[in-house]
Amino acid sequence: MKKMLYGLLFGSILLTGCSQSNTVDNTGKTNEKDSSAVVAESTTQSSSDPQEVTGGKLLEVGQWTKDTNDETGKVELMGISNAQTEIPLGEVKILITDIKILKYSDYTDPEMAGYYGADNHKDADGNFYGLQVSFKVKNDSDNDYGYNGLEYAILDNGQQIDFNADDVGYSMTTTEFFKKTESKEFFRLSYLDPSKVNEITKVTIKTGPLYNSSDYSTVAESAEQTFNIK
């Protein structure tokens, strides 16, 4: 079962809140572009873990946050590409802002938190894993276009993800991108094979095609770019 979460899952990762002692508050912070990236919730206890993020994004490997939608659940950043790289697609550019490998642990009920089918993707310890790709659509042209979002992710561990069939969460609320505009940040999230998640070092993103929104004719075929995960 697949569901549009409109930020439910993303909110788990971009948790905001009051800072706690000895924790990290990343509110308003972003990573600088990683120039090497491009290749050819909650408990009642107060944490003192310096890797816990209580506001803003997870920016560094090892940082984690409590899931606001599960009593015990936590989300940990295992790998990241701070790509901030534009993939040309006809007259439009698909800006990949970041790619994250996420670990989800200690969930009381993953489906109640929005992670449908998570039990089919757990490791022996009950953890499950996700690939989250964040992106924007930049249309600097004088024409309006249609775009349905990212299409595929191909991982160097042999796993292939069809976002249209395999995603567990996405945040796109429109397929219309008008001239001289830049969209807000969207994301797509899909489960990863737990037996091979530690083997991921590169992710290739295929954009999906650009089309004429008036007659749905293809304007530009899917483009792709490969990113290092650190």
Side-chain angles (χ1 to χ4, degrees), residues 5 7-27 29-31 34 37 41-83 97-134 153 155-157 159 161 167-169 171 185 187-203 227-230:
L5 300 179
L8 174 62
L9 299 177
F10 207 38
S12 308
I13 300 155
L14 304 185
L15 176 68
T16 59
C18 298
S19 296
Q20 302 175 23
S21 176
N22 297 322
T23 60
V24 180
D25 189 340
N26 283 334
T27 302
K29 298 179 182 178
T30 59
N31 274 318
D34 181 357
E41 145 139 353
S42 80
T43 67
T44 57
Q45 299 295 319
S46 177
S47 172
S48 59
D49 187 342
Q51 292 287 73
E52 181 186 359
V53 174
T54 58
K57 295 184 177 183
L58 300 177
L59 299 177
E60 298 179 6
V61 172
Q63 288 185 342
W64 62 275
T65 188
K66 297 175 182 177
D67 193 316
T68 56
N69 303 301
D70 187 277
E71 183 177 342
T72 58
K74 59 183 290 187
V75 185
E76 179 183 345
L77 183 61
M78 292 182 60
I80 188 170
S81 173
N82 303 307
T97 53
D98 63 46
I99 302 171
K100 292 178 179 178
I101 308 298
L102 300 166
K103 175 182 177 181
Y104 302 84
S105 59
D106 300 329
Y107 275 73
T108 302
D109 189 338
E111 292 210 355
M112 287 294 293
Y115 301 102
Y116 298 99
D119 287 345
N120 299 322
H121 301 275
K122 289 182 176 179
D123 62 16
D125 297 319
N127 306 314
F128 56 101
Y129 304 84
L131 175 74
Q132 178 183 281
V133 185
S134 301
L155 287 59
D156 64 340
N157 68 352
Q159 184 175 357
I161 293 171
D167 64 358
V168 66
S171 64
E185 187 174 63
F187 77 94
R188 302 202 81 148
L189 176 70
S190 294
Y191 292 125
L192 291 169
D193 183 343
S195 68
K196 300 190 292 185
V197 67
N198 291 321
E199 301 173 16
I200 301 170
T201 63
K202 293 180 176 63
V203 176
F227 303 90
N228 282 329
I229 301 295
K230 62 179 182 180

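Position 1 is the first residue of the sequence, and the numbers go up from there.
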Q: Would you check, one step at a time, whether the test side-chain contact (heavy atoms from CB on, under 4.5 Å) holds for Trp64 with Glu52?
A: CA-CA 5 Å; Trp64 62 275; Glu52 181 186 359; 3.5 Å; yes
Q: Can you measure from CG (Asp49) to CD (Gln63) and round to the nearest 0.5 angstrom?
A: 10.0 Å
Q: Could you pull out all residues at least two apart from Asn157 that satisfy side-chain contact (heavy atoms from CB on, under 4.5 Å)?
A: Leu155, Gln159, Lys196, Glu199, Ile200
**Q.** For Ile99 against Phe227, the heavy-atom pair lying closest together
**A.** CD1-CD1, 3.5 Å
Q) Measuring from Ile80:CD1 to Gln132:CD, what's the distance to the nearest 0.5 Å? A) 9.5 Å
**Q.** Counterpart residues, side-chain contact (heavy atoms from CB on, under 4.5 Å), relative to Asp125 (two or more places apart)
**A.** Asp123, Asn127
Q: Could you check if a side-chain atom of Leu131 sits within less than 4.5 angstrom of a side-chain atom of Leu189, using non-hydrogen atoms only?
A: no
Q: Compare every heavy atom of Ala113 with every heavy atom of Tyr107, then report the nearest pair and how far apart it is.
A: CE2-CB, 4.0 Å
**Q.** Asp106: side-chain hydrogen bond (donor to acceptor under 3.5 Å, both in side chains) partners, not counting sequence neighbours
**A.** none
Q | Rounded distance [0.5 Å steps], OH in Tyr116 versus CD in Glu111 | A | 7.0 Å
(Q) Which heavy atom of Lys230 sits nearest to which heavy atom of Val61, and what is that distance? (A) O-CG2, 3.7 Å
Q | side-chain contact (heavy atoms from CB on, under 4.5 Å) evaluation trace for Asp98 with Phe187 | A | CA-CA 9 Å; Asp98 63 46; Phe187 77 94; over 6 Å; no
Q.
Which label fits Tyr104 and Phe128: parallel for a plane angle under 30°, tilted from 30 to 60°, or perpendicular past 60°?
A. parallel
Q: Not counting sequence neighbours, which residues clear side-chain hydrogen bond (donor to acceptor under 3.5 Å, both in side chains) with Asp119? List them please.
A: Lys122
Q.
Let me confirm one number: the NZ-OG distance from Lys100 to Ser81, rounded to the nearest 0.5 Å.
A. 11.5 Å
Q) Testing Leu58, Leu192, Asn198, Leu102 for side-chain contact (heavy atoms from CB on, under 4.5 Å) with Met78, which one passes? A) Asn198
Q | Results of side-chain hydrogen bond (donor to acceptor under 3.5 Å, both in side chains) for Thr97 - residues two or more places apart only | A | Glu185
Q: For Lys74, check salt bridge (charged side-chain N to carboxylate O under 4.0 Å, His left out) against everything at least two apart and list the hits.
A: none
Q: Could I get the full list of side-chain contact (heavy atoms from CB on, under 4.5 Å) partners for Thr108, not counting sequence neighbours?
A: Asp70, Glu71, Thr72
Q. Does Asp156 have any salt bridge (charged side-chain N to carboxylate O under 4.0 Å, His left out) partners at least two apart in sequence or in another chain, and if so, which?
A. none
